[in-house]
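Side chains are part of it too, since the values below use all heavy atoms of this structure and drop only hydrogens, waters and symmetry mates.
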Amino acid sequence: MITTVTLNAAIDKTYALDALRTGRVQRVRRVTAVPGGKGINAARVICQLGGDVVAAGVVGGYNGQFIAASLTAQGIPHELMTIEGESRICLNVLDDDGRSTELLEPGPVFPMERFGELVSLIGRLAGRSRIVVFSGSLPAGLPADTYARLTEAARQAGAAVFLDASGAALAEGLRAKPDWIKPNAEEWEQLYGEGPLKDEEALIASLLRGAERFGVRIVVTLGADGALAAVCGELYRIRPPRIDAVNPVGSGDAFTAGLALASARGMRLVDGLRLATAAAAANALSPSAGHVRREDVERLLPLAAIERLA
């Protein structure tokens, strides 16, 4: 089993417009609303690809009730901790030119007096899981070392850990040595901390040094340009298939889902990177974040190119 953890769960709402014009009243042509947050997106993709998954996380208020009810309706097993306050809404406005504008609410404040309850939840689920995926931002009230502490709990229960975070949460989480991290290029540059990486050659060099320095497997996602992966002294360039993207939001979460699922199934690294890439591309074909069709993934799978560089 794979457990995904979303500490700041959300309702992902998408508005389709012909064009976003500020300062004017506009009518939305189409609306979708689904339970979201990076870990929930990953859980949905794992489920759609036939994996055994539980979506864990923190919710609050009427929005939290919607998230739980929608996960049930979608057939995604879940164990959610309920706190005071209202879970956030993440609004994505898509226009006909393919531009995406995101408006992200902050979400509720986590009460630290209940942190032990959260650790117990993660430890219990990790004891039933091969992999635990921690994804996304931390809600207000939780310290920067939260992912490090939860990683230790998951590790003690025998699970491998994937960490998809940014900023201080990622930097502190690295102290607990997760098995994989998946920053994007900007997040990696900030984490690596040696100034701007001017080109791909500099990025590659930083990845090889960073993997040795941090002692973890690293995938840096590059949007439509694919990804780079540094694993045990080896470096891979991942090029995605060419597609006409509808909505790229959630493709990073789909990549994480594919990589975690491949690892849980014991697939070879190259095959796991290919599955992750195909899942990310399939997600971009859907108007909703964290949603793939298995037939799209299967069609795109042989079109993902993996090249070993070092």
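Summarising the local packing, CZ of R30 is surrounded by 12 or fewer heavy atoms from other residues, nucleotides or ligands at distances under 6.0 Å. Environment of CD in E86: crowded, with over 12 heavy atoms of neighbouring residues, nucleotides or ligands closer than 6.0 Å. More than 12 heavy atoms of other residues, nucleotides or ligands lie within 6.0 Å of CD in E194, so this atom counts as buried by the packing criterion. The number of heavy-atom neighbours closer than 6.0 Å to CD of E84, taken from other residues, nucleotides and ligands shown, is 12 or below. In this structure, E212 places its CD atom where only 12 or fewer heavy-atom neighbours from other residues, nucleotides or ligands lie under 6.0 Å away.
Identified under the ring pair (Phe, Tyr, Trp, His ring centres under 6.0 Å) test for residues 129-153, with sequence neighbours left out: F134-Y147. Judged as a side chain to side chain donor-acceptor pair (under 3.5 Å), the pairs with a partner in residues 91-102 (not counting sequence neighbours) are, in order, R29-D96, N92-S100, N92-N247, D95-R99, D97-R99. Note on residues 113-127: pairs passing side chain to side chain donor-acceptor pair (under 3.5 Å), not counting sequence neighbours, are E79-R124, R114-E117.
A donor-acceptor contact shorter than 3.5 Å links the side chain of N283 to the backbone of G290. At distances below 3.5 Å, at least one donor-acceptor pair connects side-chain atoms of T256 with backbone N or O atoms of G252. Using modelled atom types, one side-chain atom of R44 and one backbone atom of A289 make a donor-acceptor pair closer than 3.5 Å. Judged by distance alone, with hydrogens and angles left aside, the side-chain atoms of R88 form no donor-acceptor pair with the main-chain N or O of A10 at under 3.5 Å.
At a threshold of 4.0 Å, the pair E172-R175 counts as salt-bridged, since one of the basic side-chain nitrogens sits closer than that to a carboxylate oxygen.
When each of P183, P178, S135 is paired with L163, the side chain to side chain contact (heavy atoms under 4.5 Å, CB included) condition holds for P178 and for no other.
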